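Heads up, the thing below is written out as structure tokens.
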Amino acid sequence: MTEKSSVVDLRSDTVTQPSRGMREAMMSAPLGDDVFSADPSVNALQEKIAALLGFEAALFVPTGTQSNLCGILSHCGRGDEYIVGQQAHCYRWEGGGAAVFGSVQPQPLDHAPDGTLPLAQIEASIKPDDAHFARTRLLALENTLGGKLLPFDYVQAATALARRKGVQSHLDGARLFNAATAQAALTDSSDVRAEARRIAQCFDSVSVCFSKGLGAPIGSALVGSRDFIARAHRIRKMAGGGMRQAGLLAAAAAYALDQHVDRLADDHALAVRLAHGLQGIEGLTVETPHTNIVFVDLTGAAQSRSAELLAQLNAQGILATGLYRLRFVTHLDVDAAGVDRAVAAIRAFFKA
Ligand SMILES: *Cc1c(COP(=O)(O)O)cnc(C)c1O
């Protein structure tokens, strides 16, 4: 799309439409049957993302949920346990899939306000080798978590702790490139890919989504060692994720990696623009975002008006989600004019 649509859709970065260039890349992709490992576009994407993040191998999967599932089940067997945050997508928002399909027991921990799982809590929750306990096999972190960048020294320390204890580590990096973009800005680096690799290299496996801020219609990838990916490949088949001419989708993902990584900083700037625009309205508490997600808490009398606010915005073609905590997500189909329209509409609502 060359023109932003008149609807300002701030519900999620998953709502993007494939751009013209992306559609052209999809239509011209060479295809084969990926269940025979014979789709050249899938193979190329897998090699590309593995190399980009510094891993031996990668697996293209339809969704981030399936990617995390293949990852957790590839690390853990029945009766094993993984340490995970209460707010983590793979624990809270994926239907308990690791427990349902893999008999893998989660050990959820509370997050500190910055989104981290405190190291002392991680260490205390790693069980000794004793028949009473599930075997602690895996630490799963998420970055970004609710749009927050985990401090890099924390990521290093937590994964080093896991390694020291013989525990594997998995990153749900659905928005890894948003994290890398924010981290690059903090470190005055202009190389988002290098930052993504630096984060990813702390872990034994990483899942990344192409269908969030990167703007592809469908698809995620899991990266890890060759053995790990071979196990994940079996699990993907069992989960029904063996797709045939999937190169059509892989081509969109490859296009996104080439064209849409360096523009994520624009989404982050728009999120800050939105947050700043909303600051100072009575009854709203607005955090300045690290990346592309703005949370707005409604307090006091404003709380009872959230449904009314969302309905009024909706009537003006401005879409968002939430209840007492509204969520606005910027992405490649939102521009500054759209953000300004949203700010003006919200300001007008609270003046009335
Ligand atoms: C969206 C998301 C997923 C899952 O992706 P789907 O493709 O919707 O299954 C996993 N983890 C995080 C952090 C996400 O934001």
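Order of appearance sets the numbers: ligands from 1, and atoms from 1 within every ligand. Just so you know, these numbers come straight off a predicted model, no measurement behind them. The first residue of the sequence shown is numbered 1, and numbering continues consecutively from there.
The shortest contact between atom 13 (C) of ligand 1 and any protein heavy atom is with E142 OE2, 3.1 Å. Of all protein heavy atoms, the one lying nearest to atom 7 (O) of ligand 1 is G64 N, 2.9 Å. Protein heavy atom closest to atom 1 (C) of ligand 1, with residue, atom name and distance, is K212 NZ, 1.3 Å. Of the protein's non-hydrogen atoms, the one nearest atom 10 (C) of ligand 1 is H89 ND1, 3.2 Å.
At least one heavy atom of E94 lies less than 4.0 angstrom from ligand 1.
Relative ring orientation between H75 and F228 is described as tilted, the plane-to-plane angle lying within the 30° to 60° band.
Residue T63 approaches ligand 1 through these ligand atoms, each under 4.0 Å from one of its heavy atoms: 7 (O), 9 (O). Counting atoms of ligand 1 from 1 in the listed order, those under 4.0 Å from a heavy atom of A174 are 2 (C), 11 (N), 12 (C), 13 (C), 14 (C), 15 (O).
Side chains of D191 and S189: no donor on one and acceptor on the other come within 3.5 Å.
V35 belongs to no hydrophobic cluster, as no Ile, Leu, Val, Met, Phe, Trp or Tyr side chain comes under 4.5 Å of its own.
Residue-level proximity to ligand 1 for N68 is carried by the side chain, the only part with a heavy atom below 4.0 angstrom. By the criterion of a heavy-atom distance under 4.0 Å, the side chain of D172, and not its backbone, is placed next to ligand 1.
Classification of R263 and D267 as a salt-bridged pair holds, one side-chain N sitting under 4.0 Å from a carboxylate O.
For ligand 1, the polar-atom distance check finds an N/O of T65 within less than 3.5 Å of one of the ligand's N/O atoms. Polar contact check, R175 against ligand 1: a nitrogen or oxygen pair lies under 3.5 Å apart. Considering backbone and side-chain N/O atoms, T144 never comes within less than 3.5 Å of an N/O atom of ligand 1.
Interatomic distance, I49 CD1 to L176 CG, rounded to the nearest 0.5 Å: 7.5 Å.
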Q. Can you check side-chain hydrogen bond (donor to acceptor under 3.5 Å, both in side chains) on H89 and E142, steps first, answer last?
A. CA-CA 8 Å; H89 201 281; E142 184 173 315; 5.9 Å; no

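Geometrically, R137 does not engage Y82 in a cation-pi contact, judged by NZ or CZ lying under 6.0 Å from the ring centre and within 45° of the ring axis.
A search for side chain to side chain donor-acceptor pair (under 3.5 Å) contacts involving S103 returns R78, not counting sequence neighbours.
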